[in-house]
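Nothing here was measured: the structure is a model prediction, and the numbers come from that model.
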Amino acid sequence: MKTFFVTALIFSSVVAFAQKDTPEQRNFCVSLNKILESGRMENFESLRGSGKQSSLVPVPGYNISVERFPITYVDKDSRFVAKTGLNFDSLTAIKKLDEYKAFVNFCLDSVQWPWSETTGDDSTTVFFKELKEYRATQNMFTLTLAITQVGTKVYSINMYIRKNKRGREK
């Protein structure tokens with residue numbers, strides 16, 4: 001019985017120390033808060049065209065750097081999209097998805113943002129097939145982390161943030 005408690009204590013302390021407040025983590029949380037504020041105030045309008053911008057041609061909105069997600073934009077359905085741009089095999093992608101979930105979850109209040117897990121294809125992304133996704137829903141937003149198939153046996157991880165429609169229950 002003592003061995004069980006010692007093992008549980010060691011395991012819980014390893015998990016607690018695994019999530020440290022690093023500069024990368026802080027920068028991500030600051031960017032995530034900017035994204036959510038933009039979504040709250042104007043449905044991500046200030047982030048439209050937020051991907052890589054030319055210094056010669058001014059683009060409306062501002063450039064936002066999202067740690068671990070170098071490709072960012074707002075799609076035609078006013079959904080903020082962030083992509084890792086990295087390619088994984090299916091097993092590595094599943095491990096990385098859990099890693100990204102912990103990374104994103106560090107910034108969210110788990111009481112306000114409960115997670116759910118879905119496997120299989122998601123119809124909200126027309127051109128990509130999703131293998132697995134985690135969805136955190138709050139009264140105003142839905143944040144989704146998804147493994148997306150980008151080629152034959154090649155997967156990537158994307159993050160989507162959508163403003164919920166009024167009156168729709170989550």
Side-chain angles (χ1 to χ4, degrees), residues 15 18-52 61-88 90 92-150 155-170:
V15 170
Q19 291 196 357
K20 294 181 182 175
D21 186 14
T22 64
E24 181 187 34
Q25 185 71 65
R26 270 179 273 150
N27 291 341
F28 176 79
C29 291
V30 167
S31 295
L32 183 61
N33 286 330
K34 284 181 186 176
I35 293 164
L36 295 175
E37 186 61 28
S38 174
R40 189 175 295 112
M41 302 301 285
E42 66 212 8
N43 206 17
F44 307 112
E45 281 301 315
S46 65
L47 301 177
R48 200 167 286 286
S50 68
K52 302 222 183 263
Y62 61 90
N63 198 352
I64 188 162
S65 173
V66 183
E67 296 287 334
R68 295 193 182 187
F69 295 95
I71 303 163
T72 61
Y73 59 92
V74 178
D75 68 10
K76 65 180 178 66
D77 296 326
S78 297
R79 177 178 66 164
F80 181 82
V81 179
K83 297 183 176 189
T84 60
L86 302 173
N87 294 330
F88 306 105
S90 60
T92 305
I94 290 170
K95 289 177 188 175
K96 286 289 185 183
L97 183 66
D98 289 330
E99 186 181 302
Y100 276 85
K101 179 185 171 201
F103 186 74
V104 171
N105 197 41
F106 185 85
C107 307
L108 303 176
D109 179 355
S110 60
V111 173
Q112 292 183 8
W113 293 87
W115 288 94
S116 63
E117 181 179 343
T118 306
T119 55
D121 196 20
D122 174 23
S123 62
T124 60
T125 307
V126 178
F127 299 107
F128 299 105
K129 181 178 180 188
E130 282 150 359
L131 180 67
K132 180 178 179 179
E133 70 178 30
Y134 288 123
R135 187 174 287 175
T137 304
Q138 179 237 24
N139 61 356
M140 189 174 274
F141 296 102
T142 298
L143 185 150
T144 305
L145 285 170
I147 298 174
T148 305
Q149 186 171 4
V150 294
Y155 303 90
S156 188
I157 298 173
N158 299 337
M159 178 175 70
Y160 309 107
I161 303 173
R162 179 185 302 277
K163 190 171 183 178
N164 296 334
K165 294 178 180 163
R166 295 183 193 264
R168 189 171 81 181
E169 290 198 14
K170 284 282 166 186

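Closest heavy-atom contact between Y155 and A93: CB-CB, 4.0 Å. When every heavy atom of I157 is checked against every heavy atom of L97, the shortest pair comes out as CD1-N, 3.5 Å. Annotation for A146 and Y160: closest pair CB-CE1, 4.1 Å, computed over non-hydrogen atoms. The minimum heavy-atom distance linking F103 with E67 is given by the pair CE2-O, 4.1 Å. Residue R40 comes nearest to K163 through the heavy atom pair O-NZ, 3.3 Å, listed as atom of the first residue, atom of the second, then distance. In terms of heavy-atom proximity, S156 sits nearest to L86 at OG-O, 2.9 Å.
Taken to the nearest 0.5 Å, the OG atom of S90 stands 10.5 Å off from the NZ atom of K95. Atoms CG and CD, on N27 and Q25 in that order, are 9.5 Å from each other to the nearest 0.5 Å. K101 NZ to L145 CG: the interatomic distance, rounded to the nearest 0.5 Å, is 9.0 Å. Within the model, atoms CZ of F69 and CE of M159 stand 5.0 Å from one another, a figure rounded to the nearest 0.5 Å. The distance from atom OG of S38 to atom CG of N33, rounded to the nearest 0.5 Å, is 12.5 Å. To the nearest 0.5 Å, the span separating OH on Y73 from CD1 on I64 amounts to 15.5 Å.
Side-chain contact between V104 and F28 is present, with at least one heavy-atom pair separated by less than 4.5 Å. A heavy-atom distance below 4.5 Å is found between the side chains of R162 and D77. Between D21 and R26, the closest side-chain pair of non-hydrogen atoms falls below 4.5 Å. Residues I35 and F141 have side chains not in contact (no heavy-atom distance under 4.5 Å, counting atoms from C-beta outward). In this structure, the side chains of T137 and W113 stay at 4.5 Å or more apart for every pair of heavy atoms. The side-chain heavy atoms of L143 and W115, taken from C-beta on, include a pair separated by under 4.5 Å. Contact check for E130 versus T148: side-chain heavy atoms found under the 4.5 Å cut-off. Two residues are said to be in side-chain contact when any heavy atoms from C-beta on lie closer than 4.5 Å; L32 and L108 meet this criterion.
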*Please walk me through it: do Q149 and L131 pass side chain to side chain contact (heavy atoms under 4.5 Å, CB included)?*
CA-CA 7 Å; Q149 186 171 4; L131 180 67; over 6 Å; no
_Between T72 and L47, does the side chain to side chain contact (heavy atoms under 4.5 Å, CB included) criterion hold? Intermediate values first, please._
CA-CA 9 Å; T72 61; L47 301 177; over 6 Å; no
*Take I94 and I147, measure what side chain to side chain contact (heavy atoms under 4.5 Å, CB included) needs, and give me the verdict at the end.*
CA-CA 7 Å; I94 290 170; I147 298 174; 3.8 Å; yes
*asked:* Pair R68, E99 - check side chain to side chain contact (heavy atoms under 4.5 Å, CB included), show working.
replied: CA-CA 11 Å; R68 295 193 182 187; E99 186 181 302; 3.5 Å; yes
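Within the 3.5 Å criterion, the main-chain N or O of V81 finds no donor-acceptor partner in the side chain of N158.
Qualifying ring-ring contact (aromatic ring centres under 6.0 Å, His included) partners for Y134, counting only residues two or more places apart in sequence or in other chains: none. Under the salt bridge (Lys or Arg N to Asp or Glu O under 4.0 Å) criterion, D75 pairs with R79, sequence neighbours left out.
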